[in-house]
Protein chains: 2
Amino acid sequence: MPRNRPYAGLPAREVALIGRLTQQRANVLKALMAVEGFVGAQALHSRMADDGSPVGLTTVYRTLNAFADAGRADVVRDDNGERLFRYRPGPDHRHYLVCTACGLSMPVDSGPVEDWVEKTARTSGFANVRHTVELAGLCPDCTQEQAPAR
Amino acid sequence: MPRNRPYAGLPAREVALIGRLTQQRANVLKALMAVEGFVGAQALHSRMADDGSPVGLTTVYRTLNAFADAGRADVVRDDNGERLFRYRPGPDHRHYLVCTACGLSMPVDSGPVEDWVEKTARTSGFANVRHTVELAGLCPDCTQEQAPAR
DNA sequence: GTTGAAGTGATAATCATTTTCATCTAGCTT
DNA sequence: AAGCTAGATGAAAATGATTATCACTTCAAC
Ligand SMILES: [Mn+2]
Ligand SMILES: [Mn+2]
Ligand SMILES: [Zn+2]
Ligand SMILES: [Zn+2]
């Protein structure tokens, strides 16, 4: 059996996105893909340490940024400015309603917004229009946990 | 003539929003209102120093945050995470198409998005749903300045 | 196997924003 | 017209996420 197959188990698509194939990058990608919803670089870093795949924080940042640049991760900023990443399996693009308490992210039907963005871009005269649409609130579970107190 | 009228020239509405009426706060608000579009705290701070109304950077931050909390300023984050503030004369809330080259910001008709947000929030079960909608692109003028080359 | 470019990571640097805290003052009380 | 005090100021230090350095390691082409 071969010694080093750092990318074993990762989609071939992901492998092509970044330069050299290293154990560290493979571990970062696996960790990112294993997370439901958004994660910060620091949280991912410590989670990997706990899981026995310690990687330098610098490398976590580098890999996540490269992945985001390649369009394979969504990036949002939480309220205190920290950047959160989420793996995006396909080239499709979605928007989410994120719980500000527990981080749960629920995909929403953004068709109407996409249509509006396209129309607005077309009639504005602007070129190369990009959009950011973020919804955040308290999920049903977290809403309940807040209510009981009086 | 009275000596101290720090809030002279400011809408009475704004005066009610913050606690004590000080010269510094009045100057920050005047400076913010004088700016077209978004400004960062640091930029506003140095602009005020240049204009002969020096105020501590801490006070600029405090006043802008208070103003934003009161709903009288819009806040966005630029690409490197800096928070930019813009005065909002009324309680209405708008969205803008911002030119990434020259900073020009053009208000867009966001009715459809607001409707979509409300509907999405209602059917999601989430509480206290907030939204962020940002459009960015190249304005017609800046598009032209890029084209001539070749 | 040799080799050079790319990657790693501990550490230091950046940089916007917040906290501290000694000092000041707006604006009410007497 | 003082006196009073909670609220405000701001220089300086702390914070905290992210990025730059750089000596060292490793991938992968030859
Ligand atoms: Mn979209
Ligand atoms: Mn809106
Ligand atoms: Zn929740
Ligand atoms: Zn422009």
Side-chain angles (χ1 to χ4, degrees), chain A residues 2-8 10 14-32 38-49 52-70 73 75-85 103, chain B residues 2-8 10 14-32 38-49 53-70 73 75-85:
Chain A
R3 285 295 178 71
N4 286 323
R5 290 190 304 178
Y7 278 68
L10 287 175
E14 315 304 353
V15 176
L17 287 176
I18 37 194
R20 228 131 100 174
L21 279 59
T22 67
Q23 187 69 59
Q24 289 92 332
R25 283 181 184 171
N27 288 340
V28 173
L29 295 187
K30 282 177 191 164
L32 177 64
F38 289 93
V39 219
Q42 320 234 14
L44 196 61
H45 174 253
S46 70
R47 180 180 301 221
M48 291 179 69
S53 313
V55 172
L57 180 57
T58 308
T59 295
V60 174
Y61 272 109
R62 273 194 291 241
T63 305
L64 289 178
N65 281 336
F67 215 49
D69 288 345
V75 186
V76 299
R77 279 188 195 273
D78 66 11
D79 287 330
N80 41 333
E82 183 176 354
R83 281 163 44 175
L84 306 179
F85 301 79
Chain B
R3 284 298 177 72
N4 285 323
R5 291 191 304 179
Y7 278 67
L10 287 174
E14 316 303 354
V15 174
L17 288 175
I18 38 195
R20 224 129 100 176
L21 279 57
T22 66
Q23 187 69 61
Q24 289 93 330
R25 283 180 185 172
N27 289 339
V28 172
L29 296 187
K30 284 177 190 164
L32 178 64
F38 289 93
V39 219
Q42 319 235 15
L44 196 63
H45 173 254
S46 69
R47 181 180 300 222
M48 291 178 70
S53 315
V55 173
L57 181 57
T58 309
T59 296
V60 174
Y61 273 108
R62 274 194 290 240
T63 305
L64 289 177
N65 282 337
F67 215 49
D69 288 345
V75 186
V76 300
R77 280 190 195 270
D78 67 10
D79 288 330
N80 40 331
E82 184 178 353
R83 281 164 42 175
L84 307 180
F85 301 78

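So that the names make sense, note that chain A is the first sequence line, chain B the second, and so on, each numbered from 1.
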Asker: In whole angstroms, how far is the P atom of D/dT9 from the CG atom of B/Asn27?
Answerer: 11 Å
Asker: So do the side chains of B/Leu64 and B/His45 get within less than 4.5 Å of each other, counting heavy atoms only?
Answerer: no
Asker: Testing the basics here: between B/Leu57 and B/Ala41, what is the closest heavy-atom pair and its distance to 0.1 Å?
Answerer: CD1-O, 4.2 Å
Asker: When you compare the side chain of A/Phe38 with that of A/Arg83, does any pair of heavy atoms fall below 4.5 Å?
Answerer: no
Asker: Please tell me if A/Thr58 has a side-chain N or O lying less than 4.0 Å from either OP1 or OP2 of C/dT8.
Answerer: no
Asker: Using every non-hydrogen atom in the two residues, find where A/Asp79 and B/Arg77 come nearest and quote the distance to one decimal.
Answerer: O-NH2, 3.2 Å
Asker: Using whole Å, report how far CG of B/Leu44 lies from C1' of C/dA16.
Answerer: 15 Å
Asker: Where is the tightest heavy-atom contact between A/Gln24 and A/Thr59, given as atom of each residue plus distance?
Answerer: CB-CG2, 4.0 Å
Asker: Where the side chain of A/Gln24 is concerned, which of C/dG9, C/dT17, D/dT18 is the nearest nucleotide?
Answerer: C/dG9
Asker: What distance separates A/Gln23 CD from A/Lys30 NZ, expressed to the nearest 0.5 Å?
Answerer: 6.0 Å
Asker: If I take atom CG in residue B/Leu21 and atom C1' in nucleotide D/dA6, what distance separates them, rounded to the nearest angstrom?
Answerer: 15 Å
Asker: Please round to the nearest 0.5 Å and tell me the distance separating atom CG of A/Leu32 and atom CZ of A/Arg25.
Answerer: 14.5 Å
Asker: May I have the distance from B/Leu57 (atom CG) to D/dT9 (atom C1'), rounded to whole angstrom?
Answerer: 12 Å
Asker: Please write out each protein N/O paired with an N/O of nucleotides 13-17 of chain D under 3.5 Å, distance rounded to 0.1 Å.
Answerer:
{"unit_1": "D/dA17", "atom_1": "O5'", "unit_2": "A/Gln42", "atom_2": "NE2", "d": "3.4"}

Asker: Just call it for B/Asp78: base, sugar-phosphate, or nothing, with non-hydrogen atoms closer than 4.0 Å on any strand.
Answerer: nothing
Asker: Calculate the interatomic distance between B/His45 atom NE2 and D/dT9 atom P; express it in whole Å.
Answerer: 13 Å
Asker: Please give, in whole Å, the distance from D/dT19 P to B/Asp79 CG?
Answerer: 12 Å
Asker: Between C1' on C/dA26 and CD on B/Gln23, what's the gap in Å once rounded to a whole number?
Answerer: 12 Å
Asker: Working to the nearest 0.5 Å, report the span between CD of B/Glu82 and CG of B/Asn80.
Answerer: 6.5 Å
Asker: When you compare the protein's N or O atoms with those of nucleotides 22-26 of chain D, which come within less than 3.5 Å of each other, and at what distance?
Answerer:
{"unit_1": "D/dT26", "atom_1": "O2", "unit_2": "A/Arg20", "atom_2": "NH2", "d": "2.9"}

Asker: Using a 3.5 Å distance criterion without hydrogens, assess whether the side chain of B/Thr63 forms a donor-acceptor pair with backbone atoms of B/Val60.
Answerer: no
Asker: Calculate the interatomic distance between A/Leu29 atom CG and C/dG7 atom C1'; express it in whole Å.
Answerer: 14 Å
